[in-house]
Amino acid sequence: MVGLKPSDVPPPLGVKMASAGAAACVADLVTFPLDTAKVRLQIQGEKMAVGGIRYKGVFGTISTMIRTEGPRSLYNGLVAGLQRQLCFASIRIGLYDNVKSFYTGGKDNPSVLIRILAGCTTGAMAVSFAQPTDVVKVRFQAQMNLDGVARRYSGTMQAYKHIFQNEGLRGLWKGTLPNITRNALVNCTELVTYDLIKESILRHNLMSDNLPCHFVSAFGAGFVTTVIASPVDVVKTRYMNSPPGQYRSAINCSWTMLTKEGPTAFYKGFVPSFLRLGSWNVVMFVSFEQIKRAMMVTKKKMETTN
């Protein structure tokens, strides 16, 4: 997967995991404002607008946030977001090829079912480690930096401590079930779609294995992933951001959204979700390619000199 030619020597697991984590951090730095806008749009409707502020569209949301809270508000939760990617992406993306190989017994050309199973497996595994960082990230992105409006958290470490003291371990792992569902869907759709689009492009000689091919594959994977995962993503965001007692469970959160706001509530923030996932995939996969290849070159040089 991801740019390896048949003649290439597969990179070691450590190189793939480190490359995936680093590439995901680069992608987060570039696309984080879109993710923040997505969160604000997703939670809009579950409570009265603070200060009379309402968001309209992704760029309207970004503009409103800059005007009312300052540019830094677009990067609320960035530290937790980077912490999340370091442990999350390194597992879900870095382990994907190895898990896929495990399920096939080392055979080439795995079926779509095997690819989906591998993507779901690594996506679910990653959530088990990264869930607390996701909870803190979402809550930071949701809180407003307005005069006269109380802030829930003042810093990342304070947020972890506050959630643990007031909500226990269950608070840090709040929304794990919808997050596992969401990230299993995202991971298998994202990686499998990328794999299939790229292989089809190369098989039909539409492009060579280079940047344009990676761009088209990543952008297509981002769109398909957004369509499939958006409903679960909205529920996950609402549930993780909610105070204790607002929803009994993720299922109750879904039912409340459906009955009070209608089916369209599950696609709130779709445009920023697509813009974010599409651009995130492009930046991440391209960065992943380059970082991984650079690490392999460095590794070979070190082996040669020793």
Side-chain angles (χ1 to χ4, degrees), residues 17 20-21 23-25 27-29 31-43 46 74-95 119-143 152-153 155-164 166-190 225-226 229-244 246-247 249-250 253-254 268-269 272-273 276-277 280-281 284:
M17 293 185 70
C25 285
D28 248 28
L29 284 169
T31 64
F32 206 79
L34 290 170
D35 192 41
T36 302
K38 177 202 73 173
V39 169
R40 292 292 181 94
L41 286 167
Q42 286 177 336
I43 64 172
E46 69 176 1
L74 297 174
Y75 285 90
N76 278 349
L78 177 62
V79 174
L82 295 179
Q83 291 171 349
R84 174 181 179 271
Q85 293 300 352
L86 282 173
C87 58
F88 182 72
S90 60
I91 295 173
R92 77 176 184 92
I93 298 172
L95 284 177
C120 288
T121 300
T122 59
M125 288 170 59
V127 173
S128 301
F129 291 94
Q131 183 66 10
T133 62
D134 208 7
V135 171
V136 171
K137 178 184 81 77
V138 166
R139 292 193 182 186
F140 260 100
Q141 289 176 311
Q143 77 177 5
R152 296 172 77 179
Y153 312 110
T156 304
M157 298 312 297
Q158 183 267 336
Y160 288 118
K161 182 179 179 181
H162 183 275
I163 294 171
F164 176 72
N166 290 273
E167 303 174 46
L169 284 174
R170 289 183 64 181
L172 288 172
W173 266 267
K174 187 173 186 177
T176 300
L177 180 58
N179 210 15
I180 285 178
T181 304
R182 183 256 181 191
N183 282 297
L185 281 172
V186 167
N187 202 47
C188 71
T189 306
E190 188 177 81
T225 302
T226 308
S230 187
V232 180
D233 190 33
V234 175
V235 173
K236 179 213 77 167
T237 299
R238 290 273 188 105
Y239 187 60
M240 288 199 306
N241 183 59
S242 65
Q246 183 172 353
Y247 303 115
S249 64
C253 178
S254 303
K268 282 193 172 183
S273 290
R276 195 257 179 182
L277 264 179
W280 193 92
N281 278 345
M284 194 286 297

Legend entry - Presence of salt bridge, Lys137 and Asp35, under 4.0 angstrom: yes
Inset, instruction - I would like to know whether Trp280 and Glu190 meet side-chain contact (heavy atoms from CB on, under 4.5 Å); could you show each step before the answer? - result: CA-CA 11 Å; Trp280 193 92; Glu190 188 177 81; 4.2 Å; yes
Inset, instruction - Show your reasoning for whether side-chain contact (heavy atoms from CB on, under 4.5 Å) applies to Asn76 and Arg40. - result: CA-CA 11 Å; Asn76 278 349; Arg40 292 292 181 94; 4.1 Å; yes
Inset, instruction - Starting at CZ of Phe88, measure out to CD of Gln83 and round the result to the nearest 0.5 Å. - result: 15.0 Å
Inset, instruction - Considering non-hydrogen atoms only, spot the tightest contact between Tyr239 and Ser249 and give its length. - result: CE1-C, 3.6 Å
Legend entry - Closest non-hydrogen atom pair, Val136 against Ala80: CG1-CB, 3.8 Å
Legend entry - Side-chain touch Arg170/Phe164, heavy atoms, less than 4.5 angstrom: no
Legend entry - Thr36: partners by side-chain contact (heavy atoms from CB on, under 4.5 Å), with sequence neighbours left out: Phe32, Met65, Gln141
Inset, instruction - Answer yes or no: is there a side-chain heavy-atom contact under 4.5 Å between Gln131 and Ile180? - result: no
Legend entry - Side-chain heavy atoms of Asp134 within contact of Val127, under 4.5 Å: no
Legend entry - Exercise: identify the closest heavy-atom pair between Ser128 and Trp173: O-NE1, 3.4 Å
Legend entry - Rounded distance (nearest 0.5 Å) linking atom CE of Met17 with atom CG of Leu86: 11.0 Å
Legend entry - Closest approach of Ala89 to Ala24 (non-hydrogen atoms, all atoms of both residues): CB-CB, 3.3 Å
Inset, instruction - Using a strict cut-off of less than 4.0 Å between a Lys/Arg side-chain nitrogen and an Asp/Glu carboxylate oxygen, indicate whether Lys161 and Glu167 qualify as a salt bridge. - result: no
Inset, instruction - Check whether any side-chain heavy atom of Lys174 sits under 4.5 Å from a side-chain heavy atom of Ser242, and report yes or no. - result: yes
Legend entry - Cys120 backbone acceptor or donor facing Asn187 side chain under 3.5 Å: no
Inset, instruction - Evaluate the criterion side-chain contact (heavy atoms from CB on, under 4.5 Å) for residue pair Val135 and Leu172; output intermediate values, then yes/no. - result: CA-CA 7 Å; Val135 171; Leu172 288 172; 5.8 Å; no
Legend entry - Heavy-atom closest contact (Arg92 atom, Thr122 atom, distance): O-OG1, 3.0 Å
Legend entry - Derivation of the side-chain contact (heavy atoms from CB on, under 4.5 Å) call for Arg84 and Asp28: CA-CA 10 Å; Arg84 174 181 179 271; Asp28 248 28; 5.5 Å; no
Inset, instruction - Write down the atom of Leu29, the atom of Tyr75, and the distance for their closest heavy-atom approach. - result: O-OH, 3.3 Å
Inset, instruction - Return yes if some donor-acceptor pair links the side-chain N/O of Thr189 with the main-chain N/O of Thr225 below 3.5 Å, else return no. - result: no
Legend entry - Residue pair Lys38 / Lys268, side-chain heavy-atom distance below 4.5 Å: no
